[in-house]
Amino acid sequence: MKKTVFVGVLALAGMSASVAAAGLLDEVKTRGKLNCGVATGVPGFAAPDANGEWQGFDVAVCRAVAAAVLDDPTAVEFVPTTGKTRFTALASGEIDMLARNTTWTFSRDVDLKFDFVGVNYYDGQGFLVRKDLGVSSAKELDGATICIQTGTTTELNLADFFRINNMSYEPVPIETNAEGQQQYLAGACDSYTTDASGLAATRATFEDAANHVILPEIISKEPLGPLVRHGDNEWADVVRWTLNALIAAEELGVTSANVAELASAPGNNPEINRLLGTEGTLGEMLGLPADWAVKALSVAGNYGEIFEKNIGETTPIGLARGLNAQWTSGGLLYAPPFR
């Protein structure tokens with residue numbers, strides 16, 4: 001589920017300006033469908049359910065944008081992308097946005113000509129091992145074989161960590177999370193490394209999940225979030241502020257259960273009123289109806305609701321909020337003011 005700087009994206013980057021120049025917001029409205037790039041299948045984040053319907057934490061962001069723009073959370077074409085294909089798909093215009101556990105880095109923002117619109121999950125790279133390997137720290141992995149997606153920041157972080165700690169390792173190259181899981185379970189590597197959230201999602205699918213542990217070391221900062229192409233600020237604003245609406249709503253106490261009531265009977269909190277379009281002209285500024293955020297929040301609720309339903313502690317993924325708690329609860333999460 002990681003982050004390849006794909007050779008060839010630079011050649012496509014010039015295309016992004018021409019694609020964006022048409023005005024993607026109008027294009028999506030005319031098309032009647034949002035093309036959203038997601039992972040090929042990461043439980044809890046983006047994966048088809050038994051009925052073939054895409055579900056997950058990242059999927060919810062796509063559906064919220066579709067609801068805000070098209071008043072239809074089902075009007076989404078989900079495009080599965082790998083670490084190697086995701087940036088090409090975005091740069092070429094095959095997808096309108098990418099919501100695929102992608103780390104915000106300098107080169108991706110600047111050199112590849114993408115705009116990260118925010119962070120929807122603060123993560124870090126970790127290590128998954130079998131309990132019977134008998135290690136309790138990543139610093140005990142000297143000489144280990146490690147499954148790693150090549151050409152990614154995961155690979156670079158791994159090399160840095162082992163170099164700093166004067167250790168050696170043998171990489172076992174993989175292309176996708178599914179392949180990494182398969183190789184790891186087959187015993188082809190002692191450890192599998194990727195974002196800690198991805199490791200939790202992977203472990204949740206194991207029949208013997210209790211026999212596998214995520215080591216305590218987090219060796220990198222991985223701010224994950226949706227991104228769009230450079231050059232179309234109007235579209236970037238729509239995706240950015242839809243994500244911000246989900247985050248702000250949790251802090252403000254706006255939920256899937258009360259959003260309709262709060263929108264129909266405005267209270268005395270001006271921030272909530274502006275968010276829900278009963279006061280001010282924020283929707284007009286975005287080129288959307290006044291109740292765009294109401295539509296987005298009616299799909300799956302606010303950020304906290306989306307987190308708990310898909311990847312929270314009561315799910316098989318079992319992730320605690322941690323850094324992804326609201327700033328009022330000791331986390332890093334908050335949205336800029338709606339004013």
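Heads up: numbering here begins at 1 and tracks the sequence.
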### Message
Ring centroids only, cut at 6.0 angstrom: are F206 and H212 within range, meaning strictly under it?
### Response
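Between F206 and H212, the centre distance is under 6.0 Å.
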### Message
Can you confirm if the aromatic rings of Y303 and Y121 lie within a centre distance of less than 6.0 Å?
### Response
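That pair fails the under 6.0 Å test.
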### Query
Quick one: which of L90, V38, L34 gives a side chain to side chain contact (heavy atoms under 4.5 Å, CB included) with I95?
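So the option named by the test is L90.
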#### Entry: Sole residue of T255, L262, L276, D291 in side chain to side chain contact (heavy atoms under 4.5 Å, CB included) with L297
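Only one of T255, L262, L276, D291 forms a side chain to side chain contact (heavy atoms under 4.5 Å, CB included) with L297, namely L276.
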### Task
Could you check F114 against D109 for side chain to side chain contact (heavy atoms under 4.5 Å, CB included), going step by step and ending with a plain yes or no?
CA-CA 5 Å; F114 296 136; D109 196 323; over 6 Å; no
Quick check: does any side chain N or O of [X] sit under 3.5 Å from a backbone N or O of [Y], one acting as donor and the other as acceptor?
| X | Y | answer |
| --- | --- | --- |
| Y184 | R130 | yes |
| D49 | N51 | yes |
| E261 | N258 | no |
| N302 | V254 | yes |
| T242 | V65 | no |
| S329 | A325 | no |
| E140 | S136 | yes |
| W235 | D96 | yes |
| E279 | R274 | no |
| E234 | G23 | no |

With a 3.5 Å cut-off and no angle check, do the side chains of [X] and [Y] form a donor-acceptor pair?
| X | Y | value |
| --- | --- | --- |
| Q149 | E155 | no |
| S256 | E305 | yes |
| N120 | D58 | yes |
| N310 | T315 | no |
| T85 | T88 | no |

Looking at every non-hydrogen atom in both residues, tell me the closest pair between [X] and [Y] and how far apart they are.
| X | Y | answer |
| --- | --- | --- |
| A75 | G32 | CB-O, 3.6 Å |
| M97 | V239 | CE-CG1, 3.8 Å |
| A196 | I214 | O-CD1, 4.2 Å |
| V129 | L141 | CG1-CD2, 4.3 Å |
| T103 | E222 | OG1-OE1, 2.6 Å |
| V259 | S298 | CG1-OG, 3.7 Å |

To the nearest 0.5 angstrom, please state how far the [atom1] atom of [X] sits from the [atom2] atom of [Y].
| X | Y | atom1 | atom2 | answer |
| --- | --- | --- | --- | --- |
| N177 | Q182 | CG | CD | 11.5 Å |
| L24 | D232 | CG | CG | 5.5 Å |
| R163 | Y169 | CZ | OH | 11.5 Å |
| I219 | T193 | CD1 | OG1 | 5.0 Å |

### Query
Applying ring-ring contact (aromatic ring centres under 6.0 Å, His included), which residue pairs with at least one partner in residues 267-295 are found, sequence neighbours left out?
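Applying ring-ring contact (aromatic ring centres under 6.0 Å, His included) to every pair that reaches into residues 267-295, excluding sequence neighbours, yields nothing.
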Is [X] salt-bridged to [Y], going by a charged N under 4.0 Å from an acidic O?
| X | Y | value |
| --- | --- | --- |
| R240 | D237 | yes |
| D72 | R63 | no |
| E217 | K139 | no |

### Query
When you look at K33 and V28, which way does the side chain to side chain contact (heavy atoms under 4.5 Å, CB included) test go after all the steps?
CA-CA 6 Å; K33 180 178 67 176; V28 171; over 6 Å; no
#### Entry: Residue from T194, N157, D195 passing side chain to side chain donor-acceptor pair (under 3.5 Å) with Q125
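Result: among T194, N157, D195, N157 is the only option passing the side chain to side chain donor-acceptor pair (under 3.5 Å) with Q125.
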### Task
Measure up the F116 and W104 rings against each other and bin them: parallel (under 30°), tilted (30 to 60°), perpendicular (over 60°).
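Rings of F116 and W104: parallel, under 30°.
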### Message
By the disulfide (SG to SG under 2.5 Å) test, which pairs, at least two apart or in different chains, include something from residues 178-234?
### Response
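Counting only pairs at least two positions apart or across chains, the disulfide (SG to SG under 2.5 Å) contacts touching residues 178-234 are C147-C189.
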### Task
Apply the test side chain to side chain contact (heavy atoms under 4.5 Å, CB included) to residues F338 and N244: give CA-CA distance (whole Å), side-chain angles for both, the deciding distance (0.1 Å), then the verdict.
CA-CA 9 Å; F338 280 76; N244 284 337; 3.9 Å; yes
### Cationic tip of R321 above F307 ring, under 6.0 Å, 45° of axis
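So R321 does make the cation-pi contact.
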### Verdict with supporting geometry, L133 and D190, side chain to side chain contact (heavy atoms under 4.5 Å, CB included)
CA-CA 8 Å; L133 189 64; D190 299 313; 4.1 Å; yes
